[in-house]
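Presented below is the structure to which this report refers.
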Amino acid sequence: MSSEPWAQRSRREATPSASNPNFPGRSGSRGYNELMLDRYEPKQFEEAWRKRWEDADLFRTREEEGRPKFYGLDFFPYPSGAGLSVGHCRNYIPTDVLCRMKFMQGYNVLHPMGFDAFGLPAENEAIKRKSHPAPMIDQYAATYKRQMDLVGISYDWSRSFKSCEPSYYRWTQWIFELLYKKGLAYRKNAEVNWCPKDKTALANEEVVGGLCERCGTPVEKKAIPQWYFKITDYAQRLLDDLDDIDWPEGIKAMQRNWIGRSEGVQFRMRVVFDPGTPSLDSDDRAGSGEGESELEALKREVAAETFADPDAEARINEIKGKLDAASMEVHSSDLGELPGFDSAKEKIDMAMARANIEKSGRSFDLDDFEVVKNPDGLTFEVFTTRIDTIYGVTFAVLAPEHPMVDQIIAEHQRNGDQRATIDAVQAYREKVKRETETERTAEGREKTGVFTGSYAVNPANGRRVPIWIADYVLMGYGTGAIMAVPAGDQRDFEFAVQFGIPVAPIQEPDEDWLAANRSADLQSTGTDGVVPSQALQRYLQDPKLFKAAFISKDKPLINAGEQTGMKFEEASKSLGEWIEACGLGQRKVQYRLRDWLISRQRYWGCPIPVCYGKDGEMMLIPENQLPVELPDVESYEPSDDGSSPLSRIQDFVNCTTPEGTLGRRETDTMGGFACSSWYFLRFCDPHNDDKAWDPKRVEHWMPVDTYVGGAEHAVMHLLYARFWTKVLFDAGLVPVKEPFQRLRNQGQVLGYTPYRKPHPGETLDVGEDGILISREEAAALPEGEVFWKWVRMSKSKGNVVTPEEAVDAFGADALRLFELFVAPFDADVEWTNDGMNGTARFLGRVFKLVSELAPNYDPTWRSKIPDAADEVRRATHKTIQRATDDIERFAFNTYVSALMEFLNELNDLRRKGPDASSPSWSEALETLVLLLAPGAPHSADELWSSLGKEGFTYHASWPLSDPKLAKDDVLTVAVQVNGKLRDTVTLPADASKELMETEALASGKVQAHLEGLTVRKVIVIPGKLVNIVAN
RNA sequence: GCCCGGGUGGCGGAAUGGUAGACGCAGCGGACUUAAAAUCCGUUGACCGCAAGGUCGUGAGGGUUCGAGUCCCUCCCUGGGCACCA
């Protein structure tokens, strides 16, 4: 392969139009193009047509009553200084094709473009250039627009805006206030990476090896107040409504993943300090020995339903008596009056459940069903998705930051013992505090943790288990504490192995698993040949002889009390109900999704419209005082105390509160995702000064019918925008629950990029296997030193092909068609320019054919054309069908091939049948040009005018296919013998099954293959094939 | 580890369970040209065969079916996302 994309750059020169003297062109007075081109000469007409489109204001949005609407939208781009590459065009061109077709089909089309202008990239670049971001962004956006225009994208620029304009962000602030009033925006302390020397918050990237990148000081976590949006309130709806939208399944899966719903049980565990509670090591298991009590017997009796309802009261009293007798502190007026539990069985279950808890030393207040904290005791909550495995708990783990850790320490201190333990716990907490997120989640890292000197009571069997703290339990998820089941959870298993904690088997693994997971130890001691039953015995003795936890939902439980023999589903239900019944906890849905951190301590963002009174009370800036404008200042570099640069601008900070008192403004700004969470609504009514939008306009246009952009925004932007839309829907401000009905992700465009091997001593960046070099460097190095890779086109990689280059060398339409044709829309593309030769050639052949047939073109063909189809008409109507379907279903590559095939067929037919003057040819010619129009609009308009048409193809009607005309009258039928193709026969399209069978059997080739065989069956698929089954 | 994609000629790719390789690139042969470029025509999955024709062939192996690139199971490779989320 050529290592240089431009090596094969066309050497075609912009020679003056070589018009065919035989076809002098139209004689009309309209002066667009006096010469008819017989080949694709983009420089002769493309720019001129773009000018005409602009002069005619062709793409201004039409909002006519009675027409269907179509809203086609591309992702809101941040205009970078690098400008667009042909990679970006892979997004804009297909959307443009769809929108152009929709308009020609009679839709009101909204196809806008604007710019996401706030944010860190812009700010950082402006700081570097010592300029202000606003004019810089203006300039970049202008470049984007020029480039988009250059490739002929049909945007309605009259609706364009930038998110940094006060007339826009005024309404971003207005939506912020709406969220605030609904309780969906709040401020709370959050942990950030903090350098105590520089007194600044650091981004994750600024922390290297736990040290501040600049001064080498160990970085700490520090809580500073941050603004959040409460997206977690919408977690379930964000999950559910994914079912109703037409998005790539991959993106939906990523969102589901991100939201991370899990169903489980959250329950309390009691903390004990003295080792008096029965421990795991004591051999009196529930259901045996001591547990084989009268109560257990009674319970079995209940379960067996050996007593009837009429006697319930008496039996309950009996149980009460026995409970009392067993010194269990049940203080209830009457078990029979418990609300919500009707049957005797339920009541007795309740009593039994409590008895179980009582045994483990807990006391109850039956009046409110809550477990009352033992005055001397502590409890903490754990969340688990595998409550069925609760009998396998052998330890509990608290996140190091868990507040219970403080209480445990305090308890130790009160007792004046466990000095060493306290020190170890404190030291571990300090260590974890210094760790960065990256370190803490580093791959393949050993489990660490410290025993707290206290125990938790497993309510299922009353056993105490040690409580550890370990950083593999995260404070931010669930309750920050877990019940650890090493037999059924890989992380817990690793931890148990690491610290010599027992592993209690909960299931019997299958033989394959036992064989595959025997540890080296087992093998080296000569037990390699153990028979399966022995392997199982060994496992049951000590699961730690094996390499991993056995995780299954399909195996019956062992050693699980009443739940023994049940599988995941049944046991979870049973234990969940039990835990709820005894007020220990409840079944719960947990989400991984966290609230959306919106605060940025930076200048270049939308100000948060809040101020504080003298006592710090928070107040919204009244709506009629919005926007809170960003002050226009010279210096806006981040301050060194970690607060926003805005906090140093007195004129901004000092303000009058809505109450008329002196106040202080909020100086955080909003992250850029706020701006892009509603811009699609503003496009419906972009210049409204009174409202964010007129509801009527939004009602007309929303939802976005087709939304096109890269998959990299799968969870951020696309989730936030859905969230805001739902909030606005709930407020009655928009009529849709979901903003983007159909989403499509274009594939990436990759450029061929040179790298060299690292020199000795050089280090590589993470994820890189070579050092990026320029093409010049690559050319200078000996061949063996350089290797080439396909990586995403970007200016920093130096592998960009710009639209300017491509248009200059091949023409805008050739570029457009190539981008469509090169691969399926969603596939990545390894960009070379060879392909543009192909699409340019194709356009050349179109020009040639049209110029040759134009003299015979009859604009009045419609009134002259016969009903009957001929080959030309059939090809025409088939192509209309294909092109229309292909564009609709985002198969742009086959849309272009359909046009190519159509052209080839017309060329063939033209050579075959010389009657170029039939109306069918006029129809074909016109159709070809119109079908070409969305993909190659410049050429289509040029050809259109060369046929003597006024105006633009954009205003012409999209051709309609007549299915009758698209149908073949003769078909080639495949004939198979035993599924293998042996012959084809040509038959009328309406041939009967019988005729097909007869003709197939009559084929000589088929007969040859049937020799010596008996025909058993003949399968006939009308119009398609005949399969003769014989043996 | 988990969750999504994707593996089809030299290359990009096409193919509602029904003739695998459309369309294009590159290659080869030819026409035009003093020549080249451009353009046009033909040809191009592999193997066997003079030909007619045959055999094989969609990452690997099984299965369902009259018939599988397409559906099911197992596995391999590859791109992406998530990842100590209980």
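Numbers restart at 1 for each chain; the letters A, B, ... are given by sequence-line order, proteins then strands.
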Requested in this report: Could you go through the ring pair (Phe, Tyr, Trp, His ring centres under 6.0 Å) check for Phe818(A) and Trp831(A) one step at a time?
Outcome: CA-CA 10 Å; Phe818(A) 179 60; Trp831(A) 185 273; 5.0 Å; yes
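Taking the C1' atoms as reference points, U58(B) lies 4 Å from U8(B), given to the whole Å. Spacing between G1(B) and G12(B) at atom C1', rounded to whole Å, works out to 35 Å. Straight-line distance between the P atoms of C40(B) and C23(B): roughly 15 Å, to the nearest whole Å. Taking the P atom of each, A52(B) and C48(B) are spaced 16 Å apart, rounded to whole Å. For the C1' atoms, the distance from A38(B) to U19(B) is 37 Å, rounded to whole Å. U64(B) and C73(B) have their C1' atoms separated by 11 Å, with the value rounded to a whole Å.
Contact between the side-chain N/O atoms of Asn904(A) and the OP1/OP2 oxygens of G24(B) is found at a separation under 4.0 Å. A close approach under 4.0 Å does not occur between any side-chain nitrogen or oxygen of Lys588(A) and OP1 or OP2 of A86(B). Dashed line: the shortest gap from a side-chain N or O of Arg841(A) to OP1 or OP2 of A26(B) is under 4.0 Å. An OP1 or OP2 oxygen of G24(B) is reached within less than 4.0 angstrom by no side-chain nitrogen or oxygen of Thr839(A).
Between Phe890(A) and Phe892(A), the ring planes are perpendicular. Angles over 60° get that label, and only those under 30° would be called parallel. By the 30° and 60° cut-offs, the orientation of the rings of Trp513(A) relative to Phe550(A) is perpendicular. Using a 30° and 60° split on the angle between ring planes, Trp790(A) and Tyr752(A) fall in the tilted class, from 30° to 60°.
Residues Thr894(A) and Gly250(A) both approach RNA chain B. Their nearest nucleotides, taken by heavy-atom distance, put Gly250(A) toward the 5′ side. Projected onto RNA chain B by closest heavy-atom contact, Ile251(A) and Tyr591(A) fall at different nucleotides, the more 5' of which corresponds to Ile251(A).
The local environment of NZ in Lys993(A) is sparse, with at most 12 non-hydrogen atoms from other residues, nucleotides or ligands closer than 6.0 Å.
For the pair Lys447(A) and Tyr472(A), the cation-pi criterion (under 6.0 Å, within 45° of the ring axis) is fulfilled.
Here the side chain of Ala974(A) is nearest to one of C66(B), U19(B), G13(B), namely U19(B). Comparing atom distances between the Tyr477(A) side chain and each of U19(B), C82(B), A86(B) picks out A86(B) as nearest. Distance from the side chain of Arg39(A) is smallest for A38(B) among the nucleotides A86(B), G67(B), A38(B). You'll find that the side chain of Arg982(A) is closest to G54(B), out of C66(B), C23(B), G54(B). Comparing A15(B), G24(B), G13(B) by their closest approach to the side chain of Arg889(A) singles out A15(B). Residue Met254(A) has its side chain nearest to G81(B) when only C66(B), G81(B), A38(B) are considered. In this structure, the nucleotide among C66(B), A15(B), C3(B) sitting nearest to the side chain of Asn257(A) is C3(B). Minimum atom distance to the side chain of Phe821(A) is reached by C23(B), of the listed C66(B), A86(B), C23(B). Of all nucleotides listed (C40(B), A14(B), G24(B)), C40(B) comes nearest to the side chain of Lys848(A). Considering only side-chain atoms of Val1029(A), the nucleotide from G53(B), A86(B), C66(B) that sits closest is C66(B).
Evaluation of the ring-ring contact (aromatic ring centres under 6.0 Å, His included) rule for Phe75(A) yields Tyr707(A), His713(A), His717(A) as partners, not counting sequence neighbours. Applying the ring-ring contact (aromatic ring centres under 6.0 Å, His included) rule to Phe902(A) yields no partners; only residues at least two apart in sequence or on another chain are considered.
Within the 4.0 angstrom heavy-atom criterion, only backbone atoms of the sugar-phosphate kind lie near Pro824(A); the bases stay farther away. Among the heavy atoms of the strands lying under 4.0 Å from Asn1027(A) is at least one base atom, whether or not backbone atoms are also near. Counting non-hydrogen atoms under 4.0 angstrom, Asn893(A) reaches the backbone sugars and phosphates but no base. Contacts of Arg845(A) with the nucleic acid, taken as non-hydrogen atoms under 4.0 Å apart, involve only primed sugar atoms and P, OP1 or OP2. Within 4.0 Å of Gly838(A), counting heavy atoms only, lie sugar-phosphate atoms of the nucleic acid but no base atom. Residue Thr384(A) is classed as a sugar-phosphate contact, given heavy-atom separations below 4.0 Å to backbone atoms only. Residue-level contact check: Gln590(A) touches neither bases nor backbone, having no heavy atom under 4.0 Å from any strand. Within the nucleic acid shown, Thr479(A) has no heavy atom closer than 4.0 Å to any nucleic acid atom.
Arg910(A) places its CZ atom 15 Å from the C1' atom of C41(B), with the value rounded to the nearest Å. To the nearest angstrom, C1' of A15(B) lies 11 Å from CD of Glu901(A). The nearest whole Å value for the distance from the CD atom in Glu999(A) to the P atom in U19(B) is 20 Å. Atom CG in Asn837(A) sits roughly 19 Å away from atom P in C23(B) (whole-Å rounding). Counting to the nearest Å, the P atom of A86(B) and the CZ atom of Arg261(A) are 13 Å from each other. Protein atom CD of Glu446(A) is 17 Å distant from nucleotide atom P of C84(B), rounded to whole Å.
Helical stems of RNA chain B (runs of at least 3 Watson-Crick or G-U pairs, donor-acceptor distances under 3.5 Å) are listed by first residue: B:1-7 with B:76-82, B:10-12 with B:23-25, B:27-31 with B:39-43, B:45-48 with B:53-56, B:59-63 with B:71-75.
Side chain of Thr479(A) to backbone of Glu381(A): a donor-acceptor contact under 3.5 angstrom is found. In this structure a side-chain-to-backbone donor-acceptor pair under 3.5 Å is missing from Arg982(A) to Lys1005(A).
In this model, no side-chain donor or acceptor of Asp834(A) finds a partner on the base of C25(B) within 3.5 Å. Judged by distance alone, with hydrogens and angles left aside, Lys447(A) brings a side-chain donor or acceptor within reach of the base of C84(B), the pair sitting under 3.5 Å.
Taking the O4'-C1'-N9-C4 or O4'-C1'-N1-C2 dihedral as appropriate, G17(B) has a value more than 90° from 0 and is therefore anti.
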